[in-house]
Visitor: 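Quick one: the structure is below, and I'll ask about it shortly.
The shown structure was predicted, so the numbers you read here are calculated from the model rather than taken from an experiment. What you see below is based on every heavy atom in this structure, not just the backbone, and it leaves out hydrogens, waters and symmetry mates.
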Amino acid sequence: MGGRRRPFLRDRCWSPGWPLDPEALARLAAAIPGERSFERFARAGQPERGTRCRVRRAAWLFDRPPFAFFEIVADRFLHHMVRYLVGTSVEMAAGRRPCDDFERLLAGEPGTRAVFPAPPGGLYLTGVRYAGEWNAEPDLLW
């Protein structure tokens with residue numbers, strides 16, 4: 001994973017330019033599901049709704065080399081939450097930050113913060129489900 005940049009995909013995907021460990025990405029994504037505060041992975045919360053989100057599914061998909069796709073299903077998202085989850089995961093899978101920090105961020109430990117958001121190019125909202133549809137099985141993107 002990683003590799004050369006593709007100019008025609010510049011605004012449609014992100015190539016961090018670092019080799020990534022797919023197993024590390026998978027482990028980090030497996031830690032995300034659950035209900036908790038994602039304040040450490042957000043630029044700003046919503047004071048009236050708080051910072052708690054219930055993530056149902058988070059996974060990296062590697063079935064289209066050289067591309068990797070991050071898929072996440074949740075009841076809501078905070079401002080830049082997905083960008084910080086992806087950026088931090090990539091930063092850690094590249095060995096630029098210890099993977100142990102991810103658990104501390106998810107636990108909301110004081111003094112921790114995700115500081116590396118993925119760029120917005122390549123981030124796509126592929127569907128919305130409403131309250132009565134929450135228990136329906138999500139369609140997979142790929």
Side-chain angles (χ1 to χ4, degrees), residues 1-6 9-142:
M1 294 184 24
R4 68 177 193 265
R5 299 178 190 272
R6 298 166 193 263
L9 297 176
R10 184 183 67 217
D11 296 330
R12 292 180 176 83
C13 67
W14 175 41
S15 176
W18 312 313
L20 304 177
D21 177 356
E23 291 177 11
L25 288 174
R27 281 193 311 273
L28 295 169
I32 296 170
E35 184 173 347
R36 66 175 57 87
S37 171
F38 281 88
E39 178 182 15
R40 302 290 186 234
F41 289 98
R43 190 166 198 188
Q46 297 173 325
E48 68 282 355
R49 293 185 67 195
T51 59
R52 293 189 74 77
C53 302
R54 184 173 32 159
V55 175
R56 181 173 177 192
R57 175 175 168 24
W60 283 91
L61 309 172
F62 304 102
D63 59 344
R64 291 188 168 182
F67 301 103
F69 299 91
F70 181 70
E71 181 178 74
I72 186 166
V73 177
D75 63 347
R76 63 188 284 245
F77 297 101
L78 303 178
H79 189 237
H80 288 188
M81 177 178 147
V82 175
R83 289 181 58 195
Y84 278 106
L85 284 168
V86 169
T88 303
S89 296
V90 165
E91 183 181 39
M92 292 176 179
R96 299 171 68 87
R97 182 174 179 174
C99 288
D100 294 343
D101 284 356
F102 205 72
E103 290 292 334
R104 288 192 280 282
L105 289 164
L106 287 172
E109 284 188 15
T112 61
R113 175 143 303 304
V115 295
F116 188 71
L123 180 64
Y124 299 97
L125 175 65
T126 61
V128 175
R129 293 191 189 276
Y130 296 95
E133 302 171 329
W134 176 250
N135 290 325
E137 185 61 32
D139 296 328
L140 296 178
L141 175 60
W142 304 103

Visitor: Applying ring pair (Phe, Tyr, Trp, His ring centres under 6.0 Å), which residue pairs with at least one partner in residues 82-108 are found, sequence neighbours left out?
Guide: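 Sorted pair list: Phe41-Phe102.
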
Visitor: Could you pull out the closest heavy-atom pair between Pro16 and Leu20, with the gap in Å?
Guide: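 Minimum heavy-atom contact is CG-CD1, 4.4 Å.
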
Visitor: Report the distance from atom CH2 of Trp60 to atom CD1 of Ile72, rounding to the nearest 0.5 Å.
Guide: 10.5 Å

Visitor: Taking all non-hydrogen atoms of both residues into account, name the closest pair between Pro22 and Phe62 and its distance.
Guide: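 Nearest heavy atoms, Pro22 then Phe62: O-CZ, 3.7 Å.
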
Visitor: List for me each residue that meets salt bridge (Lys or Arg N to Asp or Glu O under 4.0 Å) alongside Arg83, sequence neighbours excluded, and say none if there are none.
Guide: none

Visitor: Tell me the salt bridge (Lys or Arg N to Asp or Glu O under 4.0 Å) pairs involving residues 106-127, sequence neighbours left out?
Guide: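 Applying salt bridge (Lys or Arg N to Asp or Glu O under 4.0 Å) to every pair that reaches into residues 106-127, excluding sequence neighbours, yields nothing.
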
Visitor: Nearest heavy-atom pair of Ala114 and Arg97: which atoms, and what distance?
Guide: CA-NH1, 4.1 Å

Visitor: Flag the pair Trp14 / Val90 as yes when at least one side-chain heavy-atom distance between them is below 4.5 Å, and no otherwise.
Guide: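 Sidechains of Val90 and Trp14: in contact.
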
Visitor: Would you mind telling me which of Thr88, Leu106, Leu105, Val115 makes a side-chain contact (heavy atoms from CB on, under 4.5 Å) with Arg40?
Guide: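 By the side-chain contact (heavy atoms from CB on, under 4.5 Å) criterion, Arg40 pairs with just one of Thr88, Leu106, Leu105, Val115: Leu105.
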
Visitor: Working to the nearest 0.5 Å, report the span between CG of Leu123 and NE2 of His80.
Guide: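 Interatomic distance, Leu123 CG to His80 NE2, rounded to 0.5 Å: 9.0 Å.
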
Visitor: Does a side-chain heavy-atom distance below 4.5 Å link Val55 with Phe38?
Guide: yes

Visitor: Is there a donor-acceptor pair closer than 3.5 Å between any side-chain N or O of Asp75 and the backbone N or O of Arg54?
Guide: yes

Visitor: Could you give the distance from CG (Asp21) to OG (Ser89), rounded to the nearest 0.5 Å?
Guide: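 So the CG of Asp21 and the OG of Ser89 are separated by 12.0 Å.
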
Visitor: Are any of the side-chain heavy atoms of Phe67 and Cys13 separated by less than 4.5 Å?
Guide: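 With C-beta onward as the side chain, the pair touches.
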
Visitor: Table please: side-chain donor-acceptor pairs of residues 26-37 below 3.5 Å, with sequence neighbours left out.
Guide:
from  : atom 1 : to    : atom 2 : distance (Å)
Arg36 : NH1    : Ile32 : O      : 2.5
Ser37 : OG     : Glu39 : N      : 3.2
Ser37 : OG     : Thr51 : OG1    : 2.6

